[in-house]
Protein chains: 2
Amino acid sequence: MSNDKKDHIINVAIELFAEKGFEGSSIRDLAAKADVNVAMVNYYFGSKDKLFEAMIEQKAGFMRGILDELRANNSLTEIQKIDHIIEKYVDRFFSQPLFHKVLQQEVLVSQRASMHEHVIGLFVKNTEDVVAIIEKGIRKKIFRKVDPQLTFSSIVGTINHVMMSKTMCMKMLNKDPGYDPYKDEHFKKRLLIHLKQMIHAHLLINNDL
Amino acid sequence: MSNDKKDHIINVAIELFAEKGFEGSSIRDLAAKADVNVAMVNYYFGSKDKLFEAMIEQKAGFMRGILDELRANNSLTEIQKIDHIIEKYVDRFFSQPLFHKVLQQEVLVSQRASMHEHVIGLFVKNTEDVVAIIEKGIRKKIFRKVDPQLTFSSIVGTINHVMMSKTMCMKMLNKDPGYDPYKDEHFKKRLLIHLKQMIHAHLLINNDL
DNA sequence: TTGAATTAAACAAACGTTTGATTAATTTTT
DNA sequence: AAAAATTAATCAAACGTTTGTTTAATTCAA
């Protein structure tokens, strides 16, 4: 079974779902855009729902490895770990902006219940790991007594918000049509600097700028 | 024409769209849930799309009045204005959590192009006002030289992220099923305190805690 | 009694999916 | 190595449902 073709269908599906949503995209649209026969989607994946599951399966869970490493790591300070997490999240969102729009949709709507729970489960797991790091920083009196869960919400929420809509992002930054913020290294760096500055100011007791 | 019934349909539609998305909800589902005949939606609103437009029309734009007031106001300091904005945003999201899920979907998906642009337009306008306040604070050397646009993204992004999914929110906070975070005054206060603390630490040069 | 409100029934179009036939590639047998 | 058998990939066409919407008849209220 040709994995190239399966991957191709998944990648085209990400583009389509990101733009029109899962329910808003028909298999016929997808087949046309991917230049395959309508029957091929069901032939390869079984159903539209299962295509979606295969897509999540393949692309999600990207942070697990990184967070597992960090938990085992004793040489990095807590703030270094947080910085590292911020960098990896921004990297990931900028390298897969459309997939993350699809993920956001899935968290937002609870139409396909089991997928919804699955995606949320992944996310909650990540939250627990990051919260643990922040709590350790607080115990060590390196961090202020912040709200660990909501601090992580601010990190992810900021990135999410910026990645929600290219149009919104462009207009917010007063850019011309045609400009793609997600392909702009300067903008990526700008987001990174903002997040680090804000989170440092928020977390660190001795924050020498 | 009975506005009560129109309002009733809109309110039921918000519940339905928030859960299943616009494309994922059928007029028959909506009619059943609202206990009206299928034809009534088209009778009152003309079409499913126009029902959606009426919904946005009625419920969105809630921040305009508040931001207009703040722009004319010379007695409040910039940080007081930012605090006020944070309070109003949190208030609004907690009083209309389902509608804001629908709004987020609309920003995320660009299926109904003109509505999409309209909603984004409202949001960009708000951004400009808040950015102007932050920039003034920077000029006055009360605020640090932060990134005004992304600072606002962090405020809205944090709230958005917490309001995205009740399930996620519950699990993140280790609450039992049945707990509704959006009806919990304590959680609302907790979010408010986190946001103010973080934004103060981020913005203020002399931030005496 | 007139106009608005409500209804069940019907509409064409679009949907996800299945089918059965055909071709291409691979494996097995001779 | 050639022929036969098997499997995989692809296709156009059709399936039964569901979709948003409209119609025409009926009920209700002023």
Could you tell me how far apart [X] ([atom1]) and [N] ([atom2]) are, to the nearest whole angstrom?
{"X": "B:E53", "N": "D:dG20", "atom1": "CD", "atom2": "P", "value": "16 Å"}
{"X": "A:E23", "N": "D:dT18", "atom1": "CD", "atom2": "P", "value": "15 Å"}
{"X": "B:F45", "N": "D:dT21", "atom1": "CZ", "atom2": "P", "value": "13 Å"}
{"X": "B:N42", "N": "D:dT21", "atom1": "CG", "atom2": "P", "value": "5 Å"}
{"X": "B:Y44", "N": "D:dT22", "atom1": "OH", "atom2": "P", "value": "17 Å"}
{"X": "B:K6", "N": "C:dA4", "atom1": "NZ", "atom2": "P", "value": "14 Å"}
{"X": "B:R28", "N": "D:dG20", "atom1": "CZ", "atom2": "P", "value": "7 Å"}
{"X": "A:L30", "N": "C:dT17", "atom1": "CG", "atom2": "P", "value": "12 Å"}

Would you kindly check if the NZ (Lys) or CZ (Arg) of B:K171 is within the cone defined by 45 degrees around the ring axis of A:F123 and under 6.0 Å from the six-membered ring centre?
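Judged by the rule (NZ or CZ under 6.0 Å from the ring centre, within 45° of its axis), B:K171 is not positioned above A:F123.
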
Testing the 3.5 Å rule here: is there a donor-acceptor pair between the side chains of B:H194 and B:T158?
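Distance-only check fails for B:H194 and B:T158.
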
Upstream residue (5' side of DNA chain C) when A:G46 and A:D29 are each assigned their closest nucleotide:
A:D29

Centre-to-centre under 6.0 Å for B:H100 and B:F62, is that the case here?
yes

Would you kindly compare B:I27 and A:A39 by the position of their nearest DNA chain D nucleotide and give the one closer to the 5′ end?
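Between the two, 5'-proximity favours A:A39.
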
Against B:D129, only a single residue in B:K136, B:R64, B:K81 fulfils salt bridge (Lys or Arg N to Asp or Glu O under 4.0 Å); can you say which?
B:R64

Can a side chain N or O of [X] be found less than 4.0 Å away from OP1 or OP2 on [N]?
{"X": "A:K5", "N": "D:dT10", "answer": "yes"}
{"X": "B:N37", "N": "C:dA8", "answer": "yes"}
{"X": "A:S26", "N": "C:dC15", "answer": "yes"}
{"X": "B:Y43", "N": "C:dA5", "answer": "yes"}

Exceeds 12 heavy-atom contacts within 6.0 angstrom, atom CD of B:E135:
yes

